[in-house]
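Structure record follows, encoded as structure tokens.
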Amino acid sequence: MSKFLVLIYGNPESRAVWDGLSDEQKREGMAGYAALHEALAERDELLASESLAPPAATKQVLVRDGKPFTTDGPFAEVKEQLAGFYLLDCESMERAAEIVALIPEAPYSVVEVRPVRDLSAYQ
């Protein structure tokens with residue numbers, strides 16, 4: 001098994017799709033997430049999953065001369081902003097990509113899958 005971080009990026013268009021859904025459609029979407037979480041947990045593939053607050057709630061922290069400095073977000077001049085993530089433990093990148101296809105938000109978002117580096121040899 002290997003660990004993979006699945007990063008879900010939202011944009012104004014994907015947010016508009018969500019905002020345009022009825023309450024019933026939103027409940028159905030959340031039920032899709034619950035079913036995915038349950039299926040991944042049954043296979044011991046889900047380590048963590050969270051939805052993130054909007055970019056405007058972000059603080060950027062820079063450490064200079066040993067002192068932290070913060071500024072309010074958002075920061076990147078890009079369309080997509082990180083909206084949520086999954087930390088998976090599954091057999092391959094191919095399996096991680098299969099899981100991405102099951103994320104209800106994936107058809108409206110950009111999703112990145114990145115292997116987690118094993119740094120245990122340095123401990």
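Atoms considered below: every heavy atom in the structure, side chains included; atoms not considered: hydrogens, waters and symmetry mates. Because the structure is a prediction, the values reported are computed rather than measured.
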Kindly determine whether Arg43 and Arg95 satisfy side chain to side chain contact (heavy atoms under 4.5 Å, CB included), including the steps that lead there. CA-CA 12 Å; Arg43 292 180 56 129; Arg95 174 62 184 147; 3.5 Å; yes
Check against side chain to side chain contact (heavy atoms under 4.5 Å, CB included), Ile103 and Leu36: CA-CA 7 Å; Ile103 297 172; Leu36 175 58; 3.8 Å; yes
Do Asp89 and Lys3 pass the side chain to side chain contact (heavy atoms under 4.5 Å, CB included) test, and can you show the C-alpha distance, the side-chain angles, and the key distance before you say yes or no? CA-CA 4 Å; Asp89 192 6; Lys3 292 180 184 170; 4.1 Å; yes
Worked verdict on Ile99 versus Val6 for side chain to side chain contact (heavy atoms under 4.5 Å, CB included): CA-CA 9 Å; Ile99 292 168; Val6 175; 5.8 Å; no
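The neighbour count for Arg114 CZ, taken as heavy atoms of other residues, nucleotides or ligands under 6.0 Å away, does not exceed 12. When the shell of 6.0 Å around CD of Glu50 is examined, it contains 12 or fewer heavy atoms from other residues, nucleotides or ligands. Atom OH of Tyr108 is surrounded by 12 or fewer heavy atoms from other residues, nucleotides or ligands within 6.0 Å.
Hydrophobic cluster membership differs between Leu52 and Ile8, with clusters built from Ile, Leu, Val, Met, Phe, Trp and Tyr side chains linked at under 4.5 angstrom. In the hydrophobic clustering of this structure, Leu102 groups with Met93; members are Ile, Leu, Val, Met, Phe, Trp, Tyr whose side-chain heavy atoms approach within less than 4.5 Å, directly or through other members. Under the 4.5 Å side-chain heavy-atom criterion for ILVMFWY residues, no single connected hydrophobic cluster contains both Met30 and Phe85.
Looking only at distances, no side-chain donor or acceptor of Asp65 sits under 3.5 Å from a matching main-chain atom of Lys67.
The distance from atom CG of Asp118 to atom CD of Gln123, rounded to the nearest 0.5 Å, is 8.5 Å. We find the CD-CZ distance between Glu112 and Phe4 to be 13.0 Å, quoted to the nearest 0.5 Å. From Glu45, atom CD reaches atom CG of Leu88 across 7.0 Å, with rounding to the nearest 0.5 Å. Here the CG-CG distance, from Leu47 to Leu40, works out to 10.0 Å after rounding to the nearest 0.5 Å. Between the CD atom of Glu42 and the CD atom of Glu38 there is a distance of 5.0 Å, given to the nearest 0.5 Å. Note that CD of Glu105 and OH of Tyr9 are 13.0 Å apart. Values are rounded to the nearest 0.5 Å.
Residues Gly10 and Ser14 share a closest heavy-atom pair of CA-OG, 3.5 Å. Nearest approach of Ala96 to Cys90, heavy atoms of both residues: N-SG, 3.8 Å. Of all heavy-atom pairs between Ala41 and Leu46, the closest is N-CB, 4.2 Å.
Using the six-membered ring where Trp is involved, Tyr86 and Tyr33 have ring planes that are parallel, under 30° apart on the 30 and 60° scheme.
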